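As the structure is a prediction and not an experimental result, all values here were calculated from the model.
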Amino acid sequence: MDKVLKEKIKAFILKGVEERPIVTKGDTFWKALRNVDTELWLDTGDMDEAERIWTAEMTALTTNNTLVNKEIQKGIYDSFISEAKEIVGSLPLRQQIVEIAFILNARHGLRLAKKFGGFVSVELHTDTAHDKDAIIDYGLRYFEINPKQFIVKVPYTATGLIAARKLKEKGVRINFTLEFSARQNVMVAAVTKPDYLNVFLGRIGAYIKNNGLGDGSGAGERTVISTQRWVTELSRDNSNSTKLIAASLRNYEQLVDLAGVNVFTMPTKVAGEGREKLDGKFESKLNKVYPVDLNKKAPQYFPEKLWEVSSKEVELAKELDENCPETGDELVERAHAAGCGDMFPRLNKEDLEFISSDGKIPKHERWAERIKFGELAIDTLLNLSGLASFTADQKELDSRIERIIKD
């Protein structure tokens with residue numbers, strides 16, 4: 001796409017954002033949590049929902065393909081989509097759709113930023129997940145639209161690691177997303193050095209429980225605390241230390257159980273229940289080692305890979321940092337050569353279709369033997385299913401865009 005069209009799109013996104021900033025008040029409950037060094041983000045794109053919860057102690061809102069899709073499906077941007085078509089109509093249809101999806105993410109992000117005054121974590125189209133040039137291009141365009149408040153989400157893929165590193169070197173604030181283990185985040189912290197990275201803790205417990213490997217308790221929390229220790233150590237010498245996000249809290253008790261973790265992203269329901277039901281007395285749990293309930297068959301599938309990091313995984317991360325590959329394919333080859341192939345498994349089209357059909361929580365029985373023999377692992381399965389579920393929501397959003405621009 002030429003520079004002139006990109007400038008027209010940028011001007012269109014910026015034009016007429018008229019959100020009135022809300023008046024924020026402090027809250028002693030949330031201040032107590034901030035006092036144990038936990039930053040507070042709301043996990044929603046719904047402005048009315050966020051306004052009911054937002055306080056002066058909260059610093060950001062985060063959206064994803066699912067949350068943005070929920071807002072778009074309300075119909076509030078239908079006329080805006082029609083206007084956008086007039087600008088991008090010369091592009092091929094698929095490129096029009098992807099471009100309008102970017103326009104919608106940026107526009108909604110701007111509205112959130114103006115209304116709440118904090119940072120906003122904005123999402124890339126899932127089509128870009130394995131396209132280095134596209135990740136860099138759209139990341140820079142988000143940055144140019146709102147360099148002070150936008151944080152660009154990049155998903156955990158081999159290509160994403162390399163592209164996010166390039167964006168970070170160009171001064172773009174990065175929220176590296178869709179991680180499910182300490183070892184994945186060791187890779188991210190060493191190679192990319194983002195501003196933020198994540199553990200999606202709720203799905204970890206759900207995988208163990210739904211697949212009969214245990215009751216699910218403690219696994220997500222243990223993974224978060226272990227990851228926090230690794231990230232703190234690896235980013236100690238960074239000029240801008242990387243922060244860990246416990247994403248996205250499933251229940252209000254986790255406000256207590258994970259107090260002291262760098263950042264919480266909280267759905268408004270969890271935040272509201274915590275404010276209502278907890279006493280507001282928080283202390284850091286960073287030295288806590290949560291027990292994980294597992295049954296007798298679970299150990300053969302190496303669930304400890306969620307919270308433990310091997311020496312060869314640390315060595316690979318440091319080697320990739322010192323001699324960063326240029327492509328995702330090269331990174332995958334080097335991971336396999338280092339004996340860490342289950343971090344970046346080679347899967348065929350049928351495998352990926354099974355992952356997509358399973359939904360957010362993979363069906364363990366389908367993958368059990370391959371996990372047992374080290375071809376892939378629980379964290380990589382969860383990452384791939386997470387990207388697939390976001391892709392499904394992105395397709396729903398794209399379909400709405402396509403219907404409108406074809407009318």
Side-chain angles (χ1 to χ4, degrees), residues 22 24 27 29-30 32-34 38-74 76 105 108-109 111-113 115-116 118-123 151 153 155 175 177-180 196-207 209-210 216-217 219-221 223-224 243-259 261-278 280 282 359-361 382 385-387 389-390 392-394 396-397:
I22 66 169
T24 57
D27 186 297
F29 176 85
W30 297 115
L33 198 46
R34 291 299 305 271
T38 294
E39 192 175 337
L40 305 170
W41 294 16
L42 287 183
D43 200 18
T44 183
D46 188 314
M47 293 190 178
D48 294 333
E49 201 174 74
E51 188 171 357
R52 288 192 289 269
I53 299 293
W54 187 265
T55 72
E57 290 75 26
M58 297 173 183
T59 55
L61 299 105
T62 181
T63 63
N64 57 38
N65 308 84
T66 303
L67 295 173
V68 170
N69 180 50
K70 286 181 179 179
E71 297 307 299
I72 304 308
Q73 295 301 333
K74 294 175 183 177
I76 58 177
N105 271 272
H108 195 67
R111 292 179 63 203
L112 290 168
K115 187 176 185 71
F116 295 96
F119 298 110
V120 177
S121 189
V122 291
E123 195 85 17
I151 306 169
K153 274 188 173 180
N175 176 6
T177 188
L178 279 179
E179 301 95 282
F180 292 87
Y196 300 94
L197 41 67
N198 292 260
V199 171
F200 280 56
L201 70 154
R203 297 187 198 182
I204 293 171
Y207 183 95
K209 181 178 180 179
N210 293 7
S217 64
E221 289 81 1
T223 301
V224 168
K243 294 182 178 180
L244 170 65
I245 300 174
S248 165
L249 302 190
R250 287 289 183 91
N251 65 76
Y252 68 89
E253 292 175 348
Q254 289 172 332
L255 296 171
V256 175
D257 295 340
L258 296 171
V261 171
N262 291 148
V263 184
F264 289 162
T265 60
M266 308 173 290
T268 54
K269 180 180 178 182
V270 171
E273 288 179 345
R275 180 66 184 83
E276 178 185 348
K277 298 177 180 181
L278 296 176
F282 299 102
K360 291 182 179 180
I361 307 301
L382 284 166
S385 65
L387 185 57
S389 69
F390 280 159
D393 289 322
Q394 182 71 63
E396 186 178 342
L397 189 156

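Screening Tyr196, Phe264, Trp30, Phe119 against Trp41 for a ring pair (Phe, Tyr, Trp, His ring centres under 6.0 Å) leaves a single residue, Tyr196.
You'll find the side chain of Arg250 reaches within 4.5 Å of the side chain of Arg203, heavy atoms only. In this structure the side chain of Ile53 reaches within 4.5 angstrom of the side chain of Met58, judged on heavy atoms. Contact of the Met266 side chain with the Gln254 side chain is not registered, since no non-hydrogen atoms from C-beta on lie closer than 4.5 Å. Side-chain atoms of Glu123 and Val68, non-hydrogen and from C-beta on, never get closer than 4.5 Å to each other. Put simply, the side chain of Arg34 reaches to within 4.5 Å of the side chain of Leu40, judged on heavy atoms. Put simply, the side chain of Tyr252 does not reach to within 4.5 Å of the side chain of Lys269, judged on heavy atoms.
Across every non-hydrogen atom of Asn198 and Phe200, the tightest pair is CB-CE1, 3.9 Å. Closest approach of Gly45 to Leu112, counting heavy atoms only: O-CD2, 4.1 Å. Taking every heavy atom of both residues into account, Val224 and Leu244 meet most closely at O-CD2, 3.4 Å. Scanning both residues, Leu249 and Pro267, for their nearest heavy atoms gives O-CD, 3.3 Å. Nearest heavy atoms, Ile361 versus Leu382: CD1-CD2, 4.4 Å. The shortest non-hydrogen separation linking Leu42 to Ala50 is CD1-O, 3.8 Å.
Using a distance-only test at 3.5 Å, with no hydrogens or angles considered, a donor-acceptor pair links the side chain of Ser385 to the main chain of Lys360. For the pair Glu57 (side chain) and Asp27 (backbone), a donor-acceptor distance under 3.5 Å is present. At distances below 3.5 Å, not a single donor-acceptor pair connects side-chain atoms of Glu39 with backbone N or O atoms of Lys243. At least one donor-acceptor pair closer than 3.5 Å links the side chain of Asn251 to the backbone N or O of Glu253. With hydrogens and angles disregarded, no donor-acceptor distance shorter than 3.5 Å links the side chain of Thr55 to the backbone of Thr24.
Distance CD/Glu273 to CG/Leu255: 10.0 Å, rounded to 0.5 Å. Between the CD1 atom in Ile22 and the CD atom in Glu51 there is a gap of 5.0 Å [rounded to 0.5 Å]. Between the CG atom in Asn175 and the CD1 atom in Ile245 there is a gap of 4.0 Å [rounded to 0.5 Å]. The distance from the CG atom of Asn64 to the CG atom of Leu67 is 4.0 Å, given to the nearest 0.5 Å. Distance check: Phe116 CZ to Arg111 CZ gives 10.0 Å after rounding to the nearest 0.5 Å. The CG atom of Leu397 sits 6.5 Å away from atom CD of Gln73, with the distance rounded to the nearest 0.5 Å.
For Asp393, there are no salt bridge (charged side-chain N to carboxylate O under 4.0 Å, His left out) partners at least two apart in sequence or on another chain.
Defined by atom type and a distance below 3.5 Å, a donor-acceptor pair is present between the side-chain atoms of Thr62 and Lys153. One side chain, Gln394 or Asn65, offers a donor N or O that lies under 3.5 Å from an acceptor on the other.
Salt-bridge annotation for Asp46 and Lys74: present, with a side-chain N of the basic residue lying under 4.0 Å from a carboxylate O of the acidic one.
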Next on the checklist: Please evaluate residues Met47 and Glu71 with respect to the criterion side chain to side chain contact (heavy atoms under 4.5 Å, CB included), reporting the C-alpha separation (whole Å), side-chain torsions for both, the decisive distance (0.1 Å), and the verdict.
Outcome noted: CA-CA 9 Å; Met47 293 190 178; Glu71 297 307 299; over 6 Å; no

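Phe29 and Phe282 have perpendicular rings, their planes meeting at more than 60° on a 0 to 90° scale where under 30° would count as parallel.
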